[in-house]
Amino acid sequence: MRIVHYINQFFGQVGGEDMAGHPFEVREGVVGPGMALRGQLKDIGEITATVVCGDNYAVENPELFREQLVKTLQEQKADLLVAGPAFNAGRYGMACGQACQVAYEELGIEAVSGMYEENPGLELYRKYAYIVPTGNSARNMRDALAAMKGIIAKIAAGEDMGTPEEGGFFERGFRKNFYSEKTGAERMADMLVTKMRGEEYKTEMPMPLFEKVTPSPAIPDTGKAKIIVMTSGGMVPLGNPDHLEACNCTKYKRYNFDESYGGKGVTKGLVVHGGYDPVYGNEDGNRILPVDALVELEKEGRIGELCDFTFVTVGNGMGTDQAALFGEAIAEELKREQIQGAILTST
Amino acid sequence: MNDMCLKLDVIEIKDVRFGDSNSIENGILTIDKEGLIEYAKDPLFTDLDFEIARPGESVRIIPVKDVIEPRIKEDGATSFPGIIGDFEGIGEGVTKVLRGCAVVSTGTIVGFQEGLIDMTGPGADYSRYSKLNNIVLIANVEEGIRPAEHETAIREAGLKAAHYIARIAIGVDADYTEEYELKEVDPKLPRVGILYMTMAQGLLHDNYVYGIDAKRLHPILLHPNEILDGVMVNGCCVVAGDKYTTYDHQNSASVLEFYKRHGIDFNFVGVIVVPTYPGLADKRRCCMSAVRMARLLNLDGVGIPEEGGGNPEADLMMMCRDCEANGIKTVLSLGPDGVEEPVADTDPAADAVINVGDCNMFVTLPPMEKILGDQNQVVRMSGGSEDSVQPDGGVRVTLSIIMGSVNGQGVHKLCSYVY
């Protein structure tokens, strides 16, 4: 297996904080911690090149960094990227995370790193790499490299990594299917018997705690407020130009009523939500996105202004974490458009 | 009181053929195709045909609406009480079962949430229907027919076809007989039941109990034998991976498993069918009443498998919370949707949950030599997308689209974890 190792200016022996602007540099073979790692990886793989890059350079030039790293990984025909370990060095952690993201997202190359649990790089980039927990400083180098070697060996052997507990890495945030020894029905009966006996059992799906959303204070005078109506009911323009999926939808879209629905209040569109009979919404889109009623309210002066566009997604089968991301992004746009109130219709 | 004993006279079907007349000989089911078409036809259909899809053949059936096992009471008249046949003797006496085959309905798409069955390849690993000799009903309707009428026509045609085929079993000796009876057990064993959630959301999300639309029902208590004896019928265009087909009711994984444990691990008392409505007031009415029934039955524990996903989790959590608050232990069973927050509702009382696998996993299904139905519909179906069709004619889809892949009753061994 061909490995590229990413380290910063400090571990590359270029210099300390004053050299954090050191540009992206590729050196052949191993440098710094790579020497110890090379010994451990003898039968597993070879570190063909080391990238030495200043932490500030990486964080301040993300586009350039991405291009340079993609090129390096391609030239080296890398099978794996190893970054750090970064311990509790914040900017180094961010740079290692960035490097892992480039490898994983741009080229589909697995990445391995090591960080202290409070390193800010962990939270932002955990998805892109197997990141092992380390101590908070370079004094823990030996243990960190041993843990990283364990992961690298498993990747090289094509072994299943198992759960974060089994594999000794931070949870990345992916779900994976596997086959249990028993059917779901057998497991259900087993767990029920165990639970009724008062013995220990382990849930197969820990329940999340939902964030409680505190409603905003009431709008003092809706007669002066700008209101938007939007829906997770999949009422898209005819022809579904942006290909919103019927289930597990991956996008939300902003549509203008005049351009996309035949005018404000006409709401001529198409239901692409896979979770209900679309006949009634197709007949009259206002049944899903009630613009007609809001236009009336606008005329009566009961709302100041009805926003002339909407946001649409398909709620069917969407995970709440994905929905929350959409919500945050949409809220930003609403703030920018100085909208005071939003009506959300679901189906 | 007389106990209810249901005897399933099982005839194993090893192959299916079309012929001039109907017969079962040495496990080979021969069907008079013209007779079958004549019996199952509906004025809404522009055309109706049947084909056979066997395990291992390079066949994809898409979009699938329902899967039905041919079963019939010994009287030769009853397969689905309230729809085809009468109510007398349901859940007891002899029922003939043609095991190893099924009627699968396909044709013009009714709604988005229909599924596919591959008879070979990687897709076949995720569906129990891929292992059956399927008699595929292909019916198309004129454009402009409303989905609800279309669904009714195709549902009834499927049931009729299954009934027609099951009638061939009358007078044929069984290969073996299974007996289902809730025999009296050690009174010290804990008393358990199943809160059997069933979709009743309207807008193509419907099931039928004794022929009654479940959205007109309050929770009802059934003997598990009734579930096995054709009382529950699927009419539900819910995500294919996690809805129950009629076959899933007839061969209910949770009922059969609880039967196995009856008298050993616990006392299986009964099944409470709980309609899953969309509105909050109906949800509260049904869930609270279902738990009151469970208390009336003195249950110590319940299994609660979920049909569908998302919205029904509100019902699931209500029942879980209410049961636990009243001293009834619960285990829930469902598929996760998402990573950090895999459910649409949550409760700290839900501390024992079976995970039947993640339906969002992508699989690439290779092209098949023969398509029964219309593969182009994949772009509109839940689990498919505009990008699904591959240049080679295969499809890249999520498990959601594969019939029964993540059935909440726990048919399969699939499970998932977060890494």
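Keep in mind that the numbers below use all heavy atoms, side chains included, and drop hydrogens, waters and symmetry copies. Just so it is clear, the structure is predicted and the values come from calculations on it, not from any experiment.
- Contact of B:Val192 with chain A is made through the side chain alone, with heavy-atom distances under 4.5 Å.
- A donor-acceptor pair is defined here as one N or O able to donate and one able to accept, closer than 3.5 Å; such a pair exists between the side chain of A:Arg187 and the backbone of B:Asn355.
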Could you give the side-chain donor-acceptor pairs of residues 241-249 of chain A under 3.5 Å, partners two or more places apart or in another chain?
residue, atom, partner, partner atom, Å
A:Asp242, OD2, A:Tyr255, OH, 2.5
A:Glu245, OE1, A:Thr250, N, 3.2
A:Glu245, OE1, A:Thr250, OG1, 3.4
A:Glu245, OE2, A:Thr250, OG1, 2.9
A:Asn248, ND2, B:Asn360, OD1, 2.8

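- A donor-acceptor distance shorter than 3.5 angstrom exists from the side chain of A:Thr203 to the backbone of B:Val353, with no hydrogens or angles considered.
- Residues of residues 104-115 of chain A placed with any heavy atom under 4.5 Å of a heavy atom in chain B are absent; none qualify.
- Between A:Asp190 and B:Arg261 there is a salt bridge, since at least one side-chain N of the basic residue sits less than 4.0 Å from a carboxylate O of the acidic one.
- Looking at B:Asp125, the atoms closer than 4.5 Å to chain A (heavy atoms on both sides) sit in the backbone and in the side chain alike.
- Of the possible donor and acceptor atoms, none in the side chain of B:His412 sits under 3.5 Å from a partner among the backbone N and O of A:Gly184.
- Of the listed residues A:Gln322, A:His273, A:Glu165, the one with more heavy-atom pairs under 4.5 angstrom with chain B than any other is A:His273.
- Atom CD of B:Glu257 and atom CG of A:Leu192 lie 11.5 Å apart (nearest 0.5 Å).
- With a 4.5 angstrom heavy-atom cutoff, B:Ala350 touches chain A via backbone and side-chain atoms both.
- Under the side chain to side chain donor-acceptor pair (under 3.5 Å) criterion, B:Lys215 pairs with B:Asp206, B:Asp213, not counting sequence neighbours.
- The contact list for residues 166-178 of chain A toward chain B, using heavy atoms and a distance under 4.5 Å, reads A:Phe169, A:Glu171, A:Arg172, A:Gly173, A:Phe174, A:Arg175, A:Lys176, A:Asn177, A:Phe178 by residue number.
- Ion pair B:Glu340/A:Lys127 not flagged as a salt bridge, since none of the NZ, NE, NH1 or NH2 atoms sits closer than 4.0 Å to an Asp/Glu carboxylate oxygen.
- Judged by distance alone, the side chain of B:Thr346 and the main-chain N or O of A:Leu209 form no donor-acceptor pair under 3.5 Å.
- Across B:Ala349 and A:Lys195, no two heavy atoms sit closer than the pair O-NZ, 4.5 Å.
- Shown here for A:Gly162 and B:Tyr417, the closest heavy-atom pair between the two residues is O-CE1, 3.4 Å.
- Atom CD of A:Glu204 sits about 8.5 Å away from atom OG of B:Ser416, to the nearest 0.5 Å.
- Here the CG-OH distance, from B:Leu414 to A:Tyr179, works out to 5.5 Å after rounding to the nearest 0.5 Å.
- Both the backbone and the side chain of A:Phe210 have a heavy atom closer than 4.5 Å to some heavy atom of chain B.
- Distance check: B:Arg146 CZ to A:Tyr280 OH gives 5.0 Å after rounding to the nearest 0.5 Å.
- Between chain B and the options A:Arg126, A:Met191, A:Met161, heavy-atom pairs under 4.5 Å are most frequent for A:Met191.
- There is no contact between B:Asn311 and chain A, counting heavy-atom distances below 4.5 Å.
- Proximity to chain A (any heavy atom under 4.5 Å) is restricted, for B:Thr398, to the side chain, taken from C-beta onward.
- Here the straight-line distance linking atom CG of B:Asp345 with atom CE of A:Met207 works out to 10.0 Å at 0.5 Å rounding.
- Ranked by heavy-atom pairs under 4.5 Å with chain B, the list A:Met318, A:Glu186, A:Glu181 is led by A:Glu186.
- A:Met188 CE to B:Phe258 CZ: the interatomic distance, rounded to the nearest 0.5 Å, is 4.5 Å.
- Here the closest heavy-atom approach between residue A:Asp277 and residue B:Ala148 is recorded as OD2-N, 4.2 Å.
- At a 4.5 Å heavy-atom cutoff, the contact between A:Lys182 and chain B is made by backbone atoms alone.
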